[in-house]
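Keep in mind the model is a prediction, meaning the values are calculated, not measured.
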Amino acid sequence: MLIHPWDAPHDDTEWRQWLADHDFGQLAVNGLPGEPPHVQPLHFVYDAGRREVVSHLARPNPLWPALEAAPDVVLSVVDDYVFVPGPWQAAPDVPPEHGTPTSFYAAVQLRCRAHVVDDPAEKAELLNRQVDHFQPGGGSARAEVGEVPYGRMLAGIRALRLEVTDVRAKFKYANHRPAEVRDRVAAGLAARGGPGDTRARDHLLRRQQAQA
C-alpha cells in the first residue's frame, strides 16, 4: 500500500482509535508454490495491550496448509471509503472539468506472525474472548471442553492468534489539497449524503484541523 506523507496517520493514536471501532477484515496468506494468495474475510478481535489479533476458522478451510508453510500474514481493514468526483477536486485556477476523480478511504494493515491453536482448552478461551467482544451483553453459553453445547464443536475449528509485528495505516482524505479544495469536497460530501459520506467528511475535517 502506497502511503504518501500527507496520508500517513498523525500518530499511533489515530490508527489505534480507528481500529478499535473495526472488527472485520481480510486475512491475506501467501499461497503454496504455484498457487495464488488466499484472502479470507473474517471477524477478529484486536487486543492492543497484547499486540495480538484473535480469530478462528473452520478446520476444512483450504488456507491452513499455506498458513502453516508461511505464517507471516497481513490482516487488512478498509472502511470509510467514498468516490470523489473530479470537479470537487479541481484546483482553484483550473476549470472544474479538469479536476481529478479519486477515492477516499481509511486503511490499516497489520503484519502478523500467525500461531495456529489446536489445543481444545486454548481454543475455548480464545472463542470466549471473541464472544465477549461481539456479545458484551452475554446470551450465549461459554465454550468449555467436554461441555454442552459447544464442547463437541471445538474439533471442527482451529483458532488463530496473530502476533502483530508491524502496522501500516493510511487516511486518504485530500490532506495535500489547498484549503479551498478541501472545503469544496467537504461541502460536496455533505450535500450528497451517500453511504460513507458523513464519515469520510468527518475524517477530512478532523485531519484538516489537526494540521492547522
Are [X] and [Y] within salt-bridge range, i.e. N to O under 4.0 Å?
{"X": "Asp118", "Y": "Arg59", "value": "yes"}
{"X": "Glu14", "Y": "Arg206", "value": "yes"}
{"X": "Glu163", "Y": "Arg111", "value": "no"}
{"X": "Asp7", "Y": "Lys172", "value": "no"}
{"X": "Arg142", "Y": "Glu125", "value": "no"}

message: Can you classify the ring geometry of Trp15 versus Tyr46 as parallel (below 30°), tilted (30 to 60°) or perpendicular (above 60°)?
response: tilted
For Tyr81, is the NZ or CZ atom of Arg199 found under 6.0 angstrom from the centre of its six-membered ring and inside 45 degrees of the ring axis?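 No cation-pi geometry.
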Applying side-chain contact (heavy atoms from CB on, under 4.5 Å), run through Ser140 and Gln135 and close with a yes or a no.
CA-CA 8 Å; Ser140 293; Gln135 290 182 210; 3.0 Å; yes
Review point. Is the shortest heavy-atom distance from the side chain of Val45 to the side chain of Val53 under 4.5 Å?
Key: no
- Message: Does any part of the side chain of Gln40, heavy atoms only, come nearer than 4.5 Å to the side chain of Val29, both counted from C-beta?
- Response: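 No. Closest side-chain heavy atoms not under 4.5 Å.
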From the list Gln130, Arg161, His43, side chain to side chain contact (heavy atoms under 4.5 Å, CB included) partner of His56 resolves to Gln130
| said: Please determine whether side-chain contact (heavy atoms from CB on, under 4.5 Å) holds for the pair Leu162 and Val73, giving the CA-CA distance in whole Å, both sets of side-chain angles, and the decisive distance to 0.1 Å. | reply: CA-CA 8 Å; Leu162 305 179; Val73 301; 4.2 Å; yes
Where do [X] and [Y] come nearest, in terms of heavy atoms and distance?
{"X": "Ala91", "Y": "Val181", "result": "CA-CG2, 4.2 Å"}
{"X": "Arg201", "Y": "Ala186", "result": "NE-O, 3.1 Å"}
{"X": "Asn30", "Y": "Ala70", "result": "CB-CB, 4.4 Å"}
{"X": "Arg207", "Y": "Trp6", "result": "NH2-O, 3.0 Å"}
{"X": "Val108", "Y": "Ala169", "result": "CG2-CB, 4.1 Å"}
{"X": "Asn175", "Y": "Phe171", "result": "OD1-O, 4.5 Å"}

When rounded to the nearest 0.5 angstrom, what is the spacing between [atom1] in [X] and [atom2] in [Y]?
{"X": "Asp93", "Y": "Glu180", "atom1": "CG", "atom2": "CD", "result": "9.5 Å"}
{"X": "Leu75", "Y": "Leu19", "atom1": "CG", "atom2": "CG", "result": "8.0 Å"}
{"X": "Arg192", "Y": "Thr198", "atom1": "CZ", "atom2": "OG1", "result": "10.5 Å"}
{"X": "Arg158", "Y": "Leu126", "atom1": "CZ", "atom2": "CG", "result": "13.5 Å"}
{"X": "Tyr173", "Y": "Leu189", "atom1": "OH", "atom2": "CG", "result": "10.0 Å"}
{"X": "Arg129", "Y": "Arg50", "atom1": "CZ", "atom2": "CZ", "result": "4.0 Å"}

*Are a donor atom and an acceptor atom from the side chains of Asp79 and Trp18 found within less than 3.5 Å of each other?*
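Looking only at side-chain atoms, Trp18 and Asp79 do not form any donor-acceptor pair under 3.5 Å.
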- Task: Would you kindly say whether Gln109 and Arg168 are connected by a side-chain donor-acceptor distance under 3.5 Å?
- Result: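 On atom types as modelled, these side chains do not qualify, holding no pair under 3.5 Å.
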> Hey, quick one: are Trp64 and Val74 part of the same hydrophobic cluster, counting side-chain heavy atoms closer than 4.5 Å, chains of contacts allowed?
Replying inline: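 Per the 4.5 Å side-chain linkage, Trp64 and Val74 are not co-clustered.
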For the residue pair His203 and Phe104, is the inter-centroid distance of their aromatic rings smaller than 6.0 Å?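 Ring-ring flag for His203/Phe104: false, centres at least 6.0 Å apart.
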